[in-house]
Amino acid sequence: MSNQEITKILEEMAALLEMQGVAFKPRAYEKAATGVEALGEEVQEIYRRGGGKALEEIPGVGRGIAAHIEELLEKGKLQEYERLRKRVPVHVTELMSVEGVGPMMVKVLWEKLRVRTLADLERAARAGKIRRLPRFGEKSEQKILRGIAFLRGTAGRRTLGVALSDARRLEAVIRAFPEVEDAAVAGSLRRWKETIGDIDVLAASADPQKVTERFLALPDVARVYGTGETQTRVRLKNGMDADLRVVAPQSWGAALNYFTGSKEHNVALREIAVKKGWKLNEYGLFARSRTSPGLSPRRSGLQPREGGKSDFGACIAGRTEGEIYKKLGLRYIEPELREDTGEIEAARHDFAAQNRGGQARKNKLPALIGYRDLKGDLQVQTDWTDGEDSIEKMAQAARDAGLEYIAITDHTKGLAMTGGADEKKLMRQMREIDLLNKKFKSLKFKILKGAEVNIGKNGSLDIDDAMLARLDVVGAAVHSHFTLSRQEQTARIIRAMENPHVDIIFHLTGRIIAKRASIDLDIDAVIAAAKSTGTVLEVNAYPDRLDIRDAYIRKAVAADVRLSIDSDAHAAAHFKLLEYGIATARRGWAEKKDVVNAWPVDKMLSMLK
DNA sequence: GCCGTTTTCGGCCCGACTGTTTTCAGTCG
């Protein structure tokens, strides 16, 4: 059973328990689902290695849920889940994917109207049956119909690359509003997550109403889901949803932190605040007043619409994110790390150590590689194969992008469709590179000779060793046989790494986000082989690949395996894609020292085989 | 059901918005 399937069942468990009115358990199951989803490894594998005890190491999974997962893996089903489903035998996930429909609605719809599927829901809504239910009305019914239409249309998350340029444009437009002091893209985009659900933009302004009006008047806005004093949700004409929040400038840092997430990171921060007797929300960090300790504004009956500040004392921090982390006793945590996967513990240790004089420890926050740290690019295609531009033009573009060197890594003959090079063609290309290097010498830019050789079904390469030995940079990659067994794929990759000339494995898992699954690999075995053979693992920056992914990068970094961050450029304009690769490496806790092409060319070359 | 720099028991994040209601439940992020 795959992680995805387990995640779905845990999420359904949460919803089913919620319907029964069970307290706290739903949150526990949701947390466990998030924990499983974020894993860089198959649960099946963890279980095979360490049994039920190892499952408890998964974040959010304790004894109870570990036993459930074990049952799922052993028997393929879960008795407790089947039992709950008998009481409300509906397609929970499907129904809840409709905007505005949650567990309680699903329950009522089942009990009163016998709604089981999306089709049932649509029929009931069209027949006008939903508006007659208690606490439903005509608007709820219309909203459900709109939600279903949306789902049938362009449902699902977009890849990072598709969302980011639109988000940046929107940010610039909003920042230019006269009432706006500052604006920023927040949410999963600011964390550079590989897929994005919607665009979150935050604005600081003393006149939120005016800002909201201007936002709603933008030509990009196709539909308004809802709008209030501080928060507006719309559908854009490009098919994405956007969420604008407007806060006062003194709350900028708190709001930015809150709307950047992740949700799990935020919850953890708030729990730290609570333990210190404070409260953290999107307006700031506040001390609780003595008059109504522990009561939420709503329960205490004090004007709930005043931003929740009414029964709390002075604001301790909020203008910047930095001061909030500091007050909470944490070192500043970069957005890419905010997933509650150990960064908070590390930040606490760092902060404590700083106050003790800063001795070195394990478990500390990484000094992340910076967005300007790359000196070279080790995967570049040209018009010698399937690239658009000449070697010279690519070199010029790389230099313009601030790089000091590139490796030309055109495809080899195994990829006949790209006009892949054989040994002879590679020799010709090497001679041309020699000529061009004379030209570029005065510009302090170097073109390296390389290739993207093809890994065959059994791990063999399509270029002979004598030729590979003459190249500066040899990348090897899988381009076919994507459906071999885990054992075969793993053996194939390891055999390629054992070749003394293979420096880098390009886009290891071969995935195309939202299109093609990764090849089935024993990632730990591959990382161990990379370490023992001195092979570099690429972080392919192409936004549809981001391969290896963040969780694998983190494993590689922990195992002291070197990485390269490459654009896989097929045109001069593609060097700007490197930022996606850097961001993904940062999400994997990579430092400059882990990334070979962040080093000067001579040092980099001396590190390769 | 999970978890631990107050805890192995007793807590568990917080607010905005909507729709249907005269004070709040549900959903969302």
Side-chain angles (χ1 to χ4, degrees), chain A residues 10 13-15 17-19 21-35 56 58-68 80 96 98-108 130-131 133-144 147 186-188 197-198 200 208 224-233 241 243-247 251 254-255 258-286 294-299 301 304-310 312 329 340 344-345 348-349 351-352:
Chain A
L10 292 174
M13 283 292 293
L17 289 164
E18 184 106 51
M19 286 177 207
V22 178
F24 302 111
K25 288 191 191 184
R27 295 298 85 72
Y29 278 91
E30 275 170 19
K31 271 191 112 160
T34 310
E56 289 182 44
I58 300 170
V61 175
R63 263 175 66 186
I65 293 180
H68 283 343
E80 176 78 3
M96 291 209 324
V98 177
E99 165 93 24
V101 176
M104 298 317 279
M105 272 199 198
V106 169
K107 187 174 182 224
V108 172
I130 289 175
R131 67 181 74 178
L133 296 174
R135 295 201 68 88
F136 283 79
E138 203 169 332
K139 281 190 170 177
S140 322
E141 194 171 83
Q142 288 307 313
K143 191 180 175 190
I144 285 172
S188 47
D198 63 1
D200 292 300
V224 182
Y225 292 115
T227 178
E229 285 171 47
T230 69
Q231 176 180 350
T232 299
R233 283 186 64 75
D241 290 342
D243 200 348
L244 174 71
R245 326 270 183 141
V246 190
V247 298
S251 294
Y258 178 64
F259 296 127
T260 296
S262 66
K263 187 168 183 260
E264 292 75 22
H265 180 87
N266 288 346
V267 168
L269 290 187
R270 286 176 182 204
E271 282 169 356
I272 293 173
V274 168
K275 283 187 181 129
K276 291 182 184 290
W278 301 332
K279 182 181 69 162
L280 177 63
N281 60 23
E282 55 264 57
Y283 299 103
L285 184 60
F286 300 92
L295 286 182
S296 76
R298 184 164 295 167
R299 293 245 181 81
R305 297 268 169 180
E306 280 192 10
K309 289 184 247 179
S310 43
F312 291 87
D340 194 24
I344 289 173
E345 293 76 4
R348 185 183 350 219
H349 287 142
F351 187 86

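Look at the P atom in both B:dG15 and B:dG10: the space between them is 27 Å, to the nearest Å. Separation of the P atoms belonging to B:dT6 and B:dG1 is 27 Å when rounded to the nearest angstrom. When the P atom is compared between B:dT18 and B:dC13, the two are found 25 Å apart, to the nearest whole Å. Nucleotides B:dC17 and B:dC9 are separated by 37 Å at their C1' atoms, to the nearest Å. Here, B:dT20 and B:dT27 have their C1' atoms 14 Å apart, quoted to the whole Å. Comparing the P positions of B:dA16 and B:dG11 gives a spacing of 27 Å, expressed to the nearest Å.
One can place CG of A:Leu280 at 13 Å from P of B:dC13, the figure rounded to the nearest angstrom. Nucleotide B:dC13 holds its P atom 12 Å from the CD atom of A:Glu30, rounded to whole Å. As rounded to whole Å, 13 Å separates atom P of B:dC14 from atom NZ of A:Lys263. Whole-Å rounding puts the A:Asp200 CG to B:dC28 P distance at 15 Å. Rounded to whole angstrom, the span from the CD atom of A:Glu264 across to the C1' atom of B:dG29 amounts to 11 Å. In this structure, A:Tyr225 places its OH atom 12 Å from P of B:dC28, rounding to the nearest Å. Note: CG (A:Asp241) to C1' (B:dC28) measures 12 Å, nearest angstrom. Remark: P of B:dG4 and CD of A:Glu56 are 13 Å apart, rounded to the nearest angstrom.
For B:dA25, the paired base is B:dT18 (Watson-Crick or G-U wobble, both distances below 3.5 Å).
Remark: A:Arg27 pairs with A:Glu18, A:Glu30 by the side-chain hydrogen bond (donor to acceptor under 3.5 Å, both in side chains) rule, at least two apart or across chains. Here A:Glu80 pairs with A:Arg83 under the salt bridge (charged side-chain N to carboxylate O under 4.0 Å, His left out) rule; sequence neighbours left out. For A:Tyr258, the side-chain hydrogen bond (donor to acceptor under 3.5 Å, both in side chains) criterion is met by no residue, not counting sequence neighbours. Annotation: side-chain hydrogen bond (donor to acceptor under 3.5 Å, both in side chains) contacts of A:His265 (sequence neighbours excluded): A:Tyr325, A:Glu343. Under the side-chain hydrogen bond (donor to acceptor under 3.5 Å, both in side chains) criterion, A:Thr260 pairs with A:Arg190, not counting sequence neighbours.
The side chain of A:Glu271 has B:dC13 as its nearest neighbour among B:dT27, B:dC13, B:dT20. Distances were taken from every side-chain heavy atom of A:Arg270 (C-beta onward) to each of B:dC17, B:dG1, B:dC13; the shortest belongs to B:dC13. Of the candidates B:dT20, B:dG29, B:dG15, B:dG29 carries the atom nearest the A:Arg245 side chain, counting heavy atoms from C-beta on. Here the side chain of A:Ser140 is nearest to one of B:dG1, B:dC28, B:dG19, namely B:dG19. In the set B:dC2, B:dC14, B:dG29, the nucleotide with an atom closest to the side chain of A:Asn281 is B:dC14. Minimum atom distance to the side chain of A:Val267 is reached by B:dC13, of the listed B:dG1, B:dC13, B:dG26. Distance from the side chain of A:Lys279 is smallest for B:dC14 among the nucleotides B:dC14, B:dA16, B:dG1. In this structure, of B:dG15, B:dC2, B:dC28, it is B:dC2 that holds the atom nearest to the side chain of A:Ala28. Comparing atom distances between the A:Lys139 side chain and each of B:dG19, B:dC17, B:dG1 picks out B:dG19 as nearest.
Residues A:Tyr225 and A:Lys143 form no side-chain contact, since every pair of their non-hydrogen atoms from C-beta on lies 4.5 Å or further apart. Between A:Thr232 and A:Asp243 there is no side-chain heavy-atom pair separated by less than 4.5 Å.
The ring of A:Phe136 does not lie on top of the base of B:dT20; it is either too far (5.5 Å or more) or too tilted (30° or more).
For A:Arg135 against B:dC24, a side-chain N or O and a base N or O form a donor-acceptor pair under 3.5 Å. You won't find any donor-acceptor pair under 3.5 Å spanning the side chain of A:Tyr283 and the base of B:dG15, going by distance alone.
Note on A:Glu138: only backbone sugar-phosphate atoms sit closer than 4.0 angstrom, heavy atoms only; bases stay farther off. Nucleic acid contact class of A:Pro103 (heavy atoms, under 4.0 Å, all strands): sugar-phosphate only. Among the heavy atoms of the strands, none lies under 4.0 Å from A:Arg27. In this structure, A:Leu269 reaches neither bases nor backbone, as no heavy-atom distance under 4.0 Å exists between it and the strands shown.
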Distances for protein N or O near nucleotides 6-9 of chain B N or O, under 3.5 Å:
none

Inset, instruction - Could you please spell out the steps behind the side chain to side chain contact (heavy atoms under 4.5 Å, CB included) verdict for A:Met105 and A:Val108? - result: CA-CA 5 Å; A:Met105 272 199 198; A:Val108 172; 5.8 Å; no

Inset, instruction - Could you walk me through whether A:Glu282 and A:Phe259 pass side chain to side chain contact (heavy atoms under 4.5 Å, CB included), step by step? - result: CA-CA 8 Å; A:Glu282 55 264 57; A:Phe259 296 127; 4.2 Å; yes

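Residue A:Ala23 is the one, among A:Arg233 and A:Ala23, whose nearest nucleotide of DNA chain B lies closer to the 5' end (criterion: closest heavy atom). Nearest-nucleotide mapping onto DNA chain B: of A:Val61 and A:Val98, the residue sitting toward the 5' end is A:Val61.
Using a 4.0 Å cut-off, no side-chain N or O of A:Thr227 falls inside it from OP1 or OP2 of B:dA16.
Electrostatic pairing of A:Lys263 and A:Asp340 does not count as a salt bridge here, judged by no charged N lying under 4.0 Å from a carboxylate O.
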